[in-house]
Structure formats: C-alpha cells, structure tokens
There are 2 protein chains.
Amino acid sequence: MVMHMNLDERKKKILTTIVENYIESAEPVASKTIAEKYEREFSSATIRNEMKQLEEIGLLEQPHISAGRVPSTKGYRYYVDNLMKENILTMVDIDYINNNIVSYGSIEATLENAANVISKVLNLPAVLHIENKDVIENVKILKVSDKILLIILMSKSGTVKDVIIKITDTVPEDKIDELNKLLNQNLKGTPLESLPNVLSSAINNQLNKFSDILSALAVSLNYEIKEDSPNNVKTDIKSLLDIPEFSNTDKMKELLNILSTKEIINEVMEKIKEDDVSIVIGSEHHDVLLKDYSIISLDMDNLNVNTKLAVLGPKRTDYAKAIATLKYVNNKLKNIFSKNEEDVEGGSQERR
Amino acid sequence: MVMHMNLDERKKKILTTIVENYIESAEPVASKTIAEKYEREFSSATIRNEMKQLEEIGLLEQPHISAGRVPSTKGYRYYVDNLMKENILTMVDIDYINNNIVSYGSIEATLENAANVISKVLNLPAVLHIENKDVIENVKILKVSDKILLIILMSKSGTVKDVIIKITDTVPEDKIDELNKLLNQNLKGTPLESLPNVLSSAINNQLNKFSDILSALAVSLNYEIKEDSPNNVKTDIKSLLDIPEFSNTDKMKELLNILSTKEIINEVMEKIKEDDVSIVIGSEHHDVLLKDYSIISLDMDNLNVNTKLAVLGPKRTDYAKAIATLKYVNNKLKNIFSKNEEDVEGGSQERR
DNA sequence: TTTAGCACTCTTTTTGTTCGACTGCTAACA
DNA sequence: TGTTAGCAGTCGAACAAAAAGAGTGCTAAA
C-alpha cells in the first residue's frame, strides 16, 4: 500500500502544505496561501504550475475550476507514507490521557474506557472490537444461601466471571456437587464466546435435569454477550456535529449509518492485522460507502484478548495526531496490563 | 394544571384537528385544510373566524400572518386535558413491546431495556432514573481460590450484588472471618448508593488494615455507580434526525445539550411525583431551555426501587401514543416484577 | 350566523446580478 | 529553461429583485 513516487523537494513542500492546511481548515488551499506561507520563496504562479502537475499525477483535486486544491486519496496516501512528521501530543492531551487511562475491574471495562478516551482526544468515533480467546478452566458452584447459588467461571488466563442464580426450590448439597462435576466436564475448554451456545445444547442433552439452574445461567450470560456484540462504538455526537464534514444532517446520518451497520464495521475490523497502527484512506476501502472516510486502527494483543481499536474520521483527519494518540494509549495500556499480570491481574469482577 | 375553559363543540373540533394535524405534519394548519377534512360542513371562512377567536384566548398561535395556525402551549394543554382520545397502540407496536419487554438479570437491566423499548416505539429520547432505596442486610466473604476473594452483598429486599477481588498475598482464614464480621458491622443498613462513600471512610478508620481488599472493592463498586449516575438516556440519534424539529444541527445540539445536562434532567426527574403518567408542556417547564419541549413521564415503584421514566420530545409530540406506550410498558413491567416476587425475584446477578 | 370573494401580507422560490476567489495561460524576463 | 507578472476566464457565493404561493382578515351579501 505504501506509495512511492519521485517528487522534487518543492513539490513535496507544496503537497505537505496543502494536506496540512486542508486538514486544519477544511477549505480548498489556494496557490496564494502557499506562496504567503513560504514568504514568497516562490511566486503563486510557480505554485500554480506545480499544483497543476500534482493534479495530473493524481495527488490533488480541484472541487471546481475556480477553487483551490484539495488532496486526493492518493495525495493523502503519499503524505502519510512519505511526508508526515511524527506528531507530538500537547500537554493537555497527554494529561488527559494520563489521568483517564486507568485500570478498571475487567480487561473489557479498561479497554472500553480507553476507547472513550481516544474518542475524546481525537474527537472522532472510536470502535472497539474485543475477541476473547480465553477458555474456561474451571467451574465452581457455591451455595450462598438457601435459594441463591453462585456460579464462578474461572478461565485459563485467570480472569473470573461469576453469576448469581436464584432458584425456586432448595437443592440438596449432593445435587449441587453433581452439577458442579458435570459442568466442569462439559464446559472445560469452552471459549467464553461460545459459552451460551454450549450451555443451551447441554441443557437439551445430558444436563436437562438441571435445566432450571442452567437456563438462568444462560439467560444471564446471554445478556452480557448480547450487550457486547453490537460493535462497541464510542463517540460524542455533540462534538461530531462541529466537524464541517458532519455538520449537515445527511452526512451525519450517513456516518451514524456506517457506525451502526455491523457488516461494514466488522469487515473493517477483520482486516486490521498488523501489530502497529494502520491507515486506510477513502477510496482505498473495499466498501464504497467508506469512500469519504479514513480509518486509523491499532491491533493489540493483551493477555488472551485480541483487541482491535479503530478511529473513523473524514479523509481530512489529523493522521499524525491519531497515530500518536493510539500509540500513546496503547503503551499506557500495555503498562497497565503487564503490571496487573505481575501483581495478579485484574482488580475485580468482569463488569459491563 | 388541568385547564378548563368553555369551548363550544365546533371550536373543540377545530382545535382538535389543528393539534392532531400539526402533531402529524409539523406544518401550520390552514383553515382550508380543516374545512376539507370536515367535507365543508362549514366553510373555511367560518373556520377562520373561529381560529381567530381561539387565538385570542391563547390556544392557537400564528407563526406569521400568512401562515396557518399552530397550537400554543395552552392549546396543547387544553387538548391533553379535554380533547385527546385514548390511543390504541398498533399491533406492530404491541408486538414489539411484547417481544422486547422481558426480564433480564437485574431490576436495573430490565428497566434499562424497557427505557430502550419505549424510546424505539416513540422514537424519542427516554430518560431513566432509578433510585435504589435498598439497604445492605448482610455481607459474606468467600475464598474462591488462593488469591481470589468473592464478596457478596445481600440487600434487605433480597437482591444480591457481588464483587470478585484479586489479592496479592494470601490471607489466612481467620483474618477473612474477622473482616467479614467487621464488614457486617460497618455496612449493615447502608443504602446501596452511599456504599462507596461509607466504604472509603471505613478504610480510613477502623478497617484500615484491610485497605488492600477494601479499596479493590471500592474501585469496583465505584465504577459501577459512576457508570449509572450520569442520567440514563436512551435514544437512537439517527432516527431523531428525521424529526423536523431536530433535523437541523443547532436544534440537535440543543437537544443533546439538554439531555446531557444533569441539572436540567435531574430537576425534571425530581418533579415527577404522581403515580401515573404526567405531562409537562413547553413553557410550563420551570427551565426556559425546555420551552420548546414536552416531557411525558411515569413514576413507578417496583420493590425497593423507585423508578422514574420520562420521554422528552418536541411540543408536537403524540401525547396520546406516548401515554399509551408508557402505561402499557408499565403494566408489563409490573407483571414481570410481581411474578419474580412470587417465584423468587430476579434471575441472577446485577449487571450493568 | 355563515360565506364568497378579494385585497393584503408575508414567506418561499426563482431569477438575475454582482463580487470575489482562483486558476490557466501568455508573454516577458533572468 | 525555469520563473513570474499580469490578465482573461470560470465558477461559486452573496445579494437583490421579482414572481409565485399560501393564508389570512375583512367586507358585503346571503
């Protein structure tokens, strides 16, 4: 995907200026603006000539003949691959991140919070995709009181999920022991994700005499998993409305539509593969609906959880800042998770 | 608040038509439209005379001289108090509600889901306010494994909250028993809401030798409570954008602003008192920011949880449908909760 | 009391005009 | 050969004027 093309220094300068100017202002950039920026190192006429050539090789576009130039998808690509300088986050952003990236109870909650922080810093929607590869190691049933059972699911990696079940009739101790044994046999090695399915098929087969207890368990787990599976999009709509690209209703609807269409987001998330920040710009997307959007994403593996985090914005996104933010947050998260690993990872229970 | 005023039948007819027409179309209603609707039972000129009188008593307004009429706040009020017929929900809506109002694990989850359903049916933002008056009855600590403790909080009403705590150093059995005793002494009778505060002050006093365990508990509870306290607003932004009142960016921002301003929403929620559906229209609100909005709300008490559910819309809201929906959902919820009560209430653990 | 009809008002839509922002090109210049 | 000043040309944005349309209020008559 990396774009090579031999541009002379002046063309690089001009392209850089146009991209960065447009990212900031959302207005097409005129030759005069560039000439002034370089204090008339070259005249606007010269720049016009250069711009024309840049347009011919497809790096720039002109909304209409009497307008300035705007980067094309190829233009952004060239900029991202060759011209962009590393962004240094402002102290404000760094402080915000430092104060807000913290460890919550569970890995999931910690990551959700991180997605929220990223969305706030970049003022763009952040999409979080968590794939929990953890499998169940051990099941424990405790009788809390006469009519309350506690089922504790411990996973291979050491995380714990627990569910409280209220039952109608008292169950004798030995029955509970039996169920405990059976559950261990049936569930050991089951990935957390497929737990509800495995459980419901178990209810229909060997374990049907415990169907009361187990279906209560299934309902509760199902709710949790149902909750998480619609892609986890974090964004502040109010501030999105301030972005010129989304300040009209139709564009806003388009964006919301993209964000709520599982298929689109899933396809995007699945394609994230590299273990670093990756960027897909406008028409580089497979889906035409995304032709005006860019996605900056990060693939990170923490413990047994494969996490993908993506930020969706207009093509005119501050790529450098987005990358810097994702990387910085990622490092913070790595610290948190590795520290937890040392101590004894996690703080408490899996919530939300 | 109920409005009385002697209108003759024809005026009532006309007012009703104007309100209902405007609720449906969002366009000022013209005399001609009304005349046609009644198949020229009376001429448009007659209706114009009537409309003028209705305007004089303050029930109608005219956006400008050559426009039709729009109900004033007083007009809506008169309609709601005297003219409105009971709405019969469509089969589609009833089916949707029947299929989606179900009991989830906890009361909170069930109510949140209900708020979501209401928001979907009415296509308006729904605000949920849960005030849990339940107090802690009993605390139990279980040692799940060497480094994992489970703390179970049972409330007076029988609901259960539990938290898993991972600890660094193994704690001997007798220490745990001691902590358990102390916790019971300290927490019994504490309302769930003030748990984090009580806990953190306990850490600073008698219980400070268990601060490791207790602060982990506090963090986890804090997260939960922090999550819930920003008022629980359920809405689908995408479809809100289709409502004429919110289809421009500024109005949308205003709405989002209202919904995210705790003070406004809290004040509104606190005022909800009657044990039935109540309606506040436009300028009847204390807060001028709400002058273009109406709130239809429901106060329901389930078990130990005082629940208030409000729907916020433009003044041009379909009040009859809103009322019908709230009532219908409320009945469904009452069924669910009373059934749970019988069986053994709840299904499982408190989640989310 | 009702109503037909018309003058009047105000908004919305359309059309026309001007203004300004840029470019592209040409011709001159270094 | 590359650079630049200058100017004609293009197009959008802003503004103004004109026309169309929607409704009312009022008058006068039924």
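Numbers restart at 1 for each chain; the letters A, B, ... are given by sequence-line order, proteins then strands. Reckoned from all heavy atoms, side chains included, excluding hydrogens, waters and symmetry mates. All figures in this text were calculated on a predicted structure; none of them were measured in a lab.
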key: Contacts of B/Glu36 that satisfy side-chain contact (heavy atoms from CB on, under 4.5 Å) - sequence neighbours left out   = B/Lys32, B/Arg40
ask   = Is a donor on one side and an acceptor on the other found under 3.5 Å between the side chain of B/Ser25 and the backbone of B/Asn21?
value = yes
Show me the donor-acceptor pairs within less than 3.5 Å that the side chains of residues 116-127 of chain A make with the rest of the protein, sequence neighbours left out.
unit_1, atom_1, unit_2, atom_2, d
A/Ser119, OG, A/Leu124, O, 2.8
A/Ser119, OG, A/Lys234, O, 3.2
A/Asn123, OD1, A/Ser239, OG, 2.7

query = CD of A/Glu50 versus P of D/dT4: gap in Å, rounded?
reply = 11 Å
Using nucleotides 5-7 of chain D, report all nitrogen or oxygen pairs with the protein that are shorter than 3.5 Å.
unit_1, atom_1, unit_2, atom_2, d
D/dG6, O6, A/Arg48, NH2, 3.1

request  = With sequence neighbours left out, write down each residue that passes salt bridge (Lys or Arg N to Asp or Glu O under 4.0 Å) with A/Glu270, or none if nothing qualifies.
outcome  = none
key: Nucleotides bounding contact with chain B, strand DNA chain C, heavy-atom threshold 4.0 Å   = C/dT2 to C/dT11
task = Starting at atom NZ of B/Lys32, determine the distance to atom P of D/dG21, rounded to an integer number of angstrom.
result = 12 Å
Non-neighbouring partners of A/Lys271 that pass salt bridge (Lys or Arg N to Asp or Glu O under 4.0 Å), sequence neighbours left out = A/Glu267
inquiry  = So, using side-chain contact (heavy atoms from CB on, under 4.5 Å) as the criterion, who are the partners of B/Ile94 when residues are at least two apart?
reply    = B/Leu89, B/Asn98, B/Tyr328
task = Could I get the full list of salt bridge (Lys or Arg N to Asp or Glu O under 4.0 Å) partners for B/Glu39, not counting sequence neighbours?
result = none
Restricting both atoms to N or O, compile the protein contacts to nucleotides 10-15 of chain D shorter than 3.5 Å, with distance only.
unit_1, atom_1, unit_2, atom_2, d
D/dC11, O2, A/Ser66, OG, 2.9

key: Length of the line joining B/Glu55:CD and D/dG23:P, which is rounded to integer Å   = 15 Å
request  = Check side-chain contact (heavy atoms from CB on, under 4.5 Å) between B/Val70 and all other residues, then give those that pass, not counting sequence neighbours.
outcome  = B/Tyr22, B/Pro28, B/Pro63
ask   = Does B/Lys12 have any salt bridge (Lys or Arg N to Asp or Glu O under 4.0 Å) partners at least two apart in sequence or in another chain, and if so, which?
value = B/Glu9
remark   = Those residues at least two apart in sequence (or on a different chain) that pass side-chain contact (heavy atoms from CB on, under 4.5 Å) with A/Glu41 are A/Lys13, A/Tyr38
